[in-house]
Asker: 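Can you keep this structure in mind? I'll have questions shortly.
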Amino acid sequence: MQYPSMRVSQMFFRTLRETPAEAELVSHALLLRGGFIRRLAAGVYSYMPLGWRVLSKVTQIIREEMDAAGGQELLMPTVLPAELWQETGRWAQYGELLAKLEDRQGRKFCLGPTHEEVITDLVRHEVRSYKQLPLLLYQIQTKFRDELRPRGGLIRGREFLMKDLYSFDRDRAGLDLSFEKMYDAYCRIFDRVGLRYSVVEAEGGDIGGTDTKEFMVIADAGEDSMLQCAACGFSANRERAECRPADGAPVSESAMLPVEKVSTPDMKKVKDVTEFLKTDARNLVKTLVYSGAGGVVAALVRGDREINEAKLARVVGPVAMADPAMVEQVSGAAVGFAGPVGLESVRMIADHEVKSLLNFVTGANETDTHLTNVNLNRDFTIKEFADLRCAEDGDPCPQCSDGTLELKHCIEMGHVFKLGTRYSEAMNAVFQDEDSVVKPIIMGCYGIGVSRIVAAAAETSHDDKGIIWPAAIAPFVVQISLLDPNVGELAAIADKLYNDLQPAGMDVLYDDRDERPGVKFADADLIGIPIHVVIGKRTRERGEMELQLRADKSKRMVPAGDVVTAIQSLLTQSAA
RNA sequence: CGGGGCGUAGCGCAGCUUGGUUAGCGCGCCUGCUUUGGGAGCAGGAGGUCGCCAGUUCGAAUCUGGCCGCCCCGACCA
């Protein structure tokens, strides 16, 4: 697909010499400075012609790969009626993120943050038979999520462009196949876009699902984090990463000290207690009270560890932190003083690490009181052990024997997961199978943050002068700077090159402005087009043009007549 | 939602503590001349309800209150 070429003198575009105060991240600052985006409200941006071209190129790559994988594009509304969301329970569950509105009759709507409900509604009205399956339906559309805190420009906007595809299959095997197709297509997309990415084991989150993977770009500015093993390449979302149970030395009974009760007035946090008792958080066991459909559960983890609620939920089903009243009822003490000793009436689950602790601190189930020198089996018993904590930087790799996990910040660009029948069952999206039985459709869901890719590219590929776009998504492939637009013969040469490059399949940005050379060079660096042709004095004197590569700042002189072929070979080289 | 900061010309900022008459600076913008391979020089010029509303005062960008907007940190971890 060829995009139109453009003269800078005609383009709606302005660079900023100074960084706007609001921009904290490099990508944000450079996108603003280069004239790609402008802010309208918190987390809401306009794409200027330059930015829109980058976005369009990303979109086009995604579209091509989705189509190649058998996807069919459609477009759903942005304003969605509340009833659909009430059907799946997400009107309430999605909470504050849903931007709600009312029409003049007082009917309730929301701005679409995602479209499982709408697509499921669409499909349930159209699909009757297994003969109509499988289906892969997608759209590229603006979403709105009223984020707690939008930040970082395009990285976490409230309004953003997203590609979302939904798969509909008659059985699990079909879903596996659709999932695989999408996974492969995603790899091709991120390869083509030119970003280095990692695929990570993930958690389903709000939308719900299993077998989920995220496509991440590693960047310090990313607000997401992952754990990666340098030895075997294993990567997982922090939420998801398993912890290999450490095989600590067995606790020797002879080393056990007598339990002591200590007064710890108003010390509800691990930090308060350990500072007061002059001990380490590693030597304390937190008792966290949860409640769910199956009743109350107390989860025990080491004091310095973070409980992983997703892991807990995998063992005991969906749970939420118990409210203070319930904690008091269960533990007989105010929040902050629960402990395992004497709590045997409650279902208790402990993280594996608790097994190897000796003489540790716990709550005493009595307000303002803790116990020290507590020991497992002597003072309380635990029937269930599980992996309950969040993995951390430096943990041993769960997959290979000698690797260590390293915590890395990253930007989530894509997410694929198997939904199963969560939506089809809630919304009665069913089909009649070959065996005449009516069954719920098996669904999958696959998203890409299109605008986020633009930000991720800028975040990971730039220098102090501006963005360095990967060729595939650069706003233009070639930039021509005519340094002396008032010299007739040079202008004619530049015009000719501009006209010759287009039929050769290249989109060109032609800086024909009557500006000083310094301005043109600075703007070209800011815009970040891969190949830059400079036409100036030396062209007149020697008949040569200068080719500059944005990526490595290299320069070479090329005879005017050879420029088109020289550029073509540079492009095929970089594509290879 | 909690904490912190900010709001003065298109952008970046000073002025506010200690109220005072035409509200400043740099960049950008317009006109002219000179200049032209890495953000030019000189001269002239345009551009402001000092976020909004109310109050205190003879007088408010400046003091007080309310509201709005924006940015940063946090918002599960007993």
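By convention in this document, chain letters (A, B, ...) are assigned in the order of the sequence lines, proteins followed by strands, and residues within each chain are numbered from 1.
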Asker: Nearest-Å distance, CG (L388(A)) to C1' (rA78(B))?
Answerer: 16 Å

Asker: Please pick, from rG39(B), rG12(B), rA78(B), the nucleotide with the shortest atom-to-atom distance to any side-chain atom of V327(A).
Answerer: rA78(B)

Asker: Between D484(A) and R540(A), does any NZ, NE, NH1 or NH2 come within less than 4.0 Å of an OD or OE carboxylate oxygen?
Answerer: no

Asker: Taking atom P of rG37(B) as reference, at what distance in whole Å does atom NZ of K537(A) sit?
Answerer: 5 Å

Asker: Return the CZ to CE distance between F12(A) and M48(A), rounded to the nearest 0.5 Å.
Answerer: 3.5 Å

Asker: Output the single nucleotide from rG38(B), rC11(B), rC76(B) whose closest atom is nearest the side chain of E309(A).
Answerer: rC76(B)

Asker: From rC71(B), rG37(B), rA75(B), pick the nucleotide closest to the side chain of A42(A)?
Answerer: rC71(B)

Asker: Protein-nucleotides 31-35 of chain B N/O pairs closer than 3.5 Å?
Answerer:
{"residue": "rU35(B)", "atom": "O2", "partner": "R516(A)", "partner atom": "NH1", "Å": "2.6"}

Asker: Would you mind reading off the distance between E22(A) atom CD and rC70(B) atom P, rounded to a whole angstrom?
Answerer: 10 Å

Asker: Both L148(A) and F521(A) contact RNA chain B. Taking the nearest nucleotide for each, which residue is further toward the 5' end?
Answerer: F521(A)

Asker: Closer than 4.0 angstrom, basic N to acidic O: yes or no for D304(A) and R389(A)?
Answerer: no

Asker: Heavy atoms only, 4.0 Å cut-off, all strands: where does T19(A) land among base, sugar-phosphate and nothing?
Answerer: sugar-phosphate

Asker: Ignoring hydrogens and angles, are the base of rG26(B) and the side chain of E18(A) linked by a donor-acceptor pair under 3.5 Å?
Answerer: yes

Asker: What I want to find out is whether E242(A) reaches K311(A) closely enough, with some N-O distance under 4.0 Å, to be called a salt bridge.
Answerer: no

Asker: Contact class for A21(A) vs. all strands (heavy atom < 4.0 Å): base, sugar-phosphate, or nothing?
Answerer: sugar-phosphate

Asker: Between D146(A) and K100(A), is there a side-chain N and carboxylate O pair less than 4.0 Å apart?
Answerer: no

Asker: Side chain of E546(A): nearest nucleotide among rC77(B), rG39(B), rG37(B)?
Answerer: rG37(B)

Asker: Who are the ring pair (Phe, Tyr, Trp, His ring centres under 6.0 Å) partners of Y47(A), not counting sequence neighbours?
Answerer: none

Asker: If you only use heavy atoms from C-beta on, which nucleotide in rC71(B), rG39(B), rG74(B) is closest to the side chain of R39(A)?
Answerer: rC71(B)

Asker: Tell me the interatomic distance from D351(A), atom CG, to rC77(B), atom C1', rounded to whole angstroms.
Answerer: 13 Å

Asker: Considering only NZ, NE, NH1 and NH2 on the basic side and carboxylate oxygens on the acidic side, decide whether E159(A) and K143(A) come within less than 4.0 Å.
Answerer: no

Asker: Under 4.0 Å, counting only non-hydrogen atoms across every strand here, what does L284(A) touch: a base, just sugar-phosphate, or nothing?
Answerer: nothing

Asker: Side-chain donor or acceptor of D484(A) under 3.5 Å from a matching atom on the base of rG37(B)?
Answerer: no

Asker: Go ahead and name the base partner of rG37(B); Watson-Crick or wobble counts if both distances stay under 3.5 Å, otherwise write none.
Answerer: none

Asker: What's the closest nucleotide to the V519(A) side chain, out of rG28(B), rC13(B), rA40(B)?
Answerer: rA40(B)

Asker: Kindly indicate whether a cation-pi arrangement holds for R452(A) with F160(A), taking the cut-offs as under 6.0 Å to the six-membered ring centre and within 45° of the axis.
Answerer: no

Asker: Describe the nucleic acid contact of G536(A) in one word from base, sugar-phosphate, nothing, applying a heavy-atom distance below 4.0 Å.
Answerer: base

Asker: Can you figure out which of rG74(B), rC77(B), rG37(B) approaches the side chain of L483(A) most closely?
Answerer: rG37(B)

Asker: When we call it a touch if two heavy atoms are under 4.0 Å apart, what does R149(A) touch: a base, just sugar-phosphate, or nothing?
Answerer: base

Asker: Mind checking who rA78(B) pairs with, Watson-Crick or G-U wobble, both distances under 3.5 Å?
Answerer: none

Asker: Decide, yes or no, whether a salt bridge links E384(A) with R347(A) under the criterion of side-chain N to carboxylate O below 4.0 Å.
Answerer: yes

Asker: Would you indicate which nucleotide in rC77(B), rG10(B), rG38(B) comes nearest to any side-chain atom of D525(A)?
Answerer: rG38(B)

Asker: Let me know, please, whether V534(A) or G303(A) comes out on the 5' side of the other along RNA chain B by nearest nucleotide.
Answerer: V534(A)

Asker: Quick one: look up who rG44(B) pairs with, Watson-Crick or G-U, both distances under 3.5 Å, and put none if it's unpaired.
Answerer: rC30(B)

Asker: Looking only at side-chain N and O atoms, does K286(A) come under 4.0 Å of OP1 or OP2 in rC77(B)?
Answerer: no

Asker: Nearest to the E24(A) side chain among rG39(B), rC72(B), rC13(B), which nucleotide is it?
Answerer: rC72(B)

Asker: Which nucleotide in the set rC13(B), rG74(B), rG39(B) lies at the smallest distance from any side-chain heavy atom of R33(A)?
Answerer: rG39(B)

